[in-house]
Number of protein chains: 2
Amino acid sequence: MARRRDATMEDVANHAGVALSSVSRVLNDHPDVSDRMKQRVMGAIADVGYEPNLLASSLRRGSTKTIGFLASDISNPLFAEIALGAERRLDEAEYTMVLTNSEGSGERDEEMIRLLRWRRTDGLILSVSDERRAGTLVELARLDVPVVLIDRDVKGLDDASVVTSDHARGMRSAVDHLIELGHTDIALISGPRQLRPARERLRVFRRAFRDQQLEPPEHLLRIGSFSAQSGEQATLDLLASDRPPTAMIAGGNLLLTGVLRALRRRKLTVGRDIALVSCDEVPLTELHSPPITVIARDAVHMGDLAAELLLERLVGDAEPRRAVVPTSLIVRDSTKKARRR
Amino acid sequence: MARRRDATMEDVANHAGVALSSVSRVLNDHPDVSDRMKQRVMGAIADVGYEPNLLASSLRRGSTKTIGFLASDISNPLFAEIALGAERRLDEAEYTMVLTNSEGSGERDEEMIRLLRWRRTDGLILSVSDERRAGTLVELARLDVPVVLIDRDVKGLDDASVVTSDHARGMRSAVDHLIELGHTDIALISGPRQLRPARERLRVFRRAFRDQQLEPPEHLLRIGSFSAQSGEQATLDLLASDRPPTAMIAGGNLLLTGVLRALRRRKLTVGRDIALVSCDEVPLTELHSPPITVIARDAVHMGDLAAELLLERLVGDAEPRRAVVPTSLIVRDSTKKARRR
DNA sequence: TGGCTAGTTGGAAACGATACCAGTATCCTC
DNA sequence: GAGGATACTGGTATCGTTTCCAACTAGCCA
């Protein structure tokens, strides 16, 4: 089906016997076009099989109607949902979303941001892999378009909108819940400090203990990556220690699968031998036996909100602002009375 | 940080006191450039803070170095993995992937294909929501760039490469396995016939029975959408029927969560009260109690392969071809001896 | 020394659209 | 019927690149 050359507006104009600019006006439905002109041009468009070239249009217009989305791990269902929410919202506003992935690498963060800049996307939604990296900040500073961060705090970047989730509240209620059940040897398995969610969870985890006049169990903290493998290793490690935990908090859905694998290998039963809380709802948390207590939040909504904040600035020319998505503790059978020791 | 106007190659040329075309040659490292020229231009680029405009470049060059990916449901972890595989591969070859989503709507299939065409992507990887839709075929026919279909058969589209998975083999061994365990009342819960995977599974499901001189249990077929809700409804429906199944096959990971919800509601235990097989490995299948027998395939590899087939045609100028990804049955505790009736 | 080639460079025409500025025709209004 | 506003249309510069072609320089050989 290869045609020799795509028809252009000029071809349309020639075929219709009108000026190029008139074709443009018709296509952008400019107020000053007669019905007759509209008819002729539309006819010619159909005749020659014209299709707009959005590249040329964007170049001239200075706007691509495209938004870049950078996720730190696209295969994580959490990000898939955020992306879904964002895409839906952007699509409504006639924007196309370019989804890219840094796979946990700060270096790729930089490359992707640069690439999106060069492609002249009209705005960016970012969930970078490393908030602290200097190079990333440099790339961001060169940016000339609105930015929305998702659950990230990049210091030095003051003119970005931010969507965060209320990790503090969620983690707080999780720890309180466990303490109330009689647990004090609570392990926290979480991701790297370069990322806000991990930092927040850790901060509040410790604080929750202190507020109850308890010493945070530093020996039960395991800070690694957000991967399943990291979760599995950390759990095995904890279980092999002198004083293993009676409860665990997994800081993400990938970590959770690692934790569960490890528990299964050690033949421990969740809810009976050890209490378990996870972060972010996935099918597994609900359908596990026993069902797993979880700190939940609405990921699709986060994406939607991110797109919203971006559009505010793009269309409405509003100021950057912060939005917080609530979290809530869903208590299930994985957290019960602590075993007597 | 808003600069008045981005620096262009012309600014670089002026600053360096050379011609615009020389700057271009340096940037595209053309063979005929002296070292001295290279130095001067590079210096000027740094001085004025020049950054390439990929829009203008693409327009002139006639290639965007961009590939469109259309998924029928991006929030499905299966597609997330396929996208991941494809993106990795494309990224190596310096292509950017634009990920879009038709959310199960054939109408959006059309719109998205049209949009990608207008944006002049160099190639497309498609997993459309409806293979049979006439409008989609029209949009595809207008396309002038290589296309790879993922697990879809669009008849009338002869010049596309295709990556499929060997559903036949997987389904065949699943049914054989269940029959061998003594099951004959086997239910199949699957997606719409517009999609190849569903069609293939159904075809082979029936055939497997006939090959064993058995009548396929038509009353236990439930063909709906691929959603969790559809799976739940179908299961409840089956369980309420005169002669409920002793085994079930769920044709996808979303369907599976629906099936499990329904079974839980009816207080049935997987593996004891009813045998269960699912399609596509997810954390839930492995970590469920009991673990769920599954027809598995390597989704990341499928994406990788799709990108590969596309690059073959883009870079290597090869002919379209078909590739098949194997499936394998992983037997777990969810399929055991049939209960005596 | 003349002429030829190879290595570099500059100039200008595309690529396919949009938007500004004029120009013409039409219609009121007094 | 003159004047001016209004509705439409055409021509052309421009967006930021790449690419083709011509021109210039230097080196080399006869």
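Keep in mind the model is a prediction, meaning the values are calculated, not measured. Proteins come first, then strands; the chains are lettered A, B, ... in the order of their sequence lines, and each starts at number 1.
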(request) Report which part of the nucleic acid Asp32(B) touches: base, sugar-phosphate, or nothing (heavy-atom distance under 4.0 Å, all strands). (result) base
(message) Expressed as a whole number of angstroms, how long is the span from Ile45(B):CD1 to dG16(D):P?
(response) 16 Å
(message) Just the rounded figure in Å: distance from P of dA17(C) to CG of Leu59(B).
(response) 9 Å
(request) Using a cut-off of strictly less than 4.0 Å, decide whether Ser24(B) has a side-chain nitrogen or oxygen near OP1 or OP2 of dT18(D). (result) yes
(request) Mind calculating the distance between CG (Asp11(A)) and P (dG16(C)) to the nearest angstrom? (result) 9 Å
(message) I need the CG-P distance between Asp6(A) and dC15(C), as an integer number of Å.
(response) 12 Å
(request) Would you mind telling me which of Glu107(B), Glu110(B), Glu111(B), Arg108(B) makes a side chain to side chain contact (heavy atoms under 4.5 Å, CB included) with Ser102(B)? (result) Arg108(B)
(message) Is Ser22(A) close enough to dG10(D) that one of its side-chain N or O atoms is under 4.0 Å from OP1 or OP2 there?
(response) yes
(message) Side chain of Val18(B), heavy atoms from C-beta onward: which of dG10(C), dT12(D), dA17(C) has the nearest atom to it?
(response) dG10(C)
(request) State which of dA17(C), dG10(C), dT9(C) makes the closest approach to the side chain of Met9(A). (result) dA17(C)
(message) Regarding Leu20(B), tell me which of base, sugar-phosphate or nothing describes its non-hydrogen contacts under 4.0 Å with the strands shown.
(response) base
(message) Can you measure Arg61(A) atom CZ to dC20(C) atom C1' for me and round it to whole angstrom units?
(response) 15 Å
(message) If you compare all heavy atoms of Leu27(A) against all heavy atoms of Tyr50(A), which two are closest, and at what distance to 0.1 Å?
(response) CD1-CE2, 3.7 Å
(message) When you measure from the side-chain N and O atoms of Ser34(A) to the phosphate of dC8(D), is any distance below 4.0 Å, counting only OP1 and OP2?
(response) no
(message) With a 4.0 Å limit, can you tell me whether Arg60(B) has a side-chain N or O closer than that to the phosphate oxygens OP1/OP2 of dA14(C)?
(response) no
(message) In this structure, how many angstroms lie between the C1' atom of dC15(C) and the CG atom of Leu54(A), rounded?
(response) 15 Å
(message) From the set dG16(D), dA17(C), dG11(D), return the single nucleotide nearest to any side-chain atom of Ala56(A).
(response) dA17(C)
(request) Report yes or no: do Asp122(B) and Thr66(B) form a side-chain donor-acceptor pair below 3.5 Å? (result) no
(request) Return the value, rounded to whole Å, for the distance between atom NE2 of His30(A) and atom P of dC8(D). (result) 10 Å
(request) Whole angstrom is fine here: how far is it from CG in Asp29(B) over to C1' in dT18(D)? (result) 14 Å
(message) Regarding Glu308(A) and Arg89(A), does a basic nitrogen lie under 4.0 Å from an acidic carboxylate oxygen?
(response) yes
(request) Remember a base hit wins even if backbone is also touched, and classify Thr8(B) as base, sugar-phosphate or nothing at under 4.0 Å, heavy atoms. (result) sugar-phosphate
(message) Closest-nucleotide mapping onto DNA chain D: is Glu10(B) or Arg25(B) further toward the 5' terminus? I mean the 5' end.
(response) Glu10(B)
(message) Could you report the tightest heavy-atom contact between Ala56(B) and Leu59(A), atom names first, then the distance?
(response) CB-CD1, 3.9 Å
(message) If the cut-off is 4.0 Å, is Asn28(A) near the phosphate of dT18(C), judged by side-chain N/O to OP1 or OP2?
(response) yes
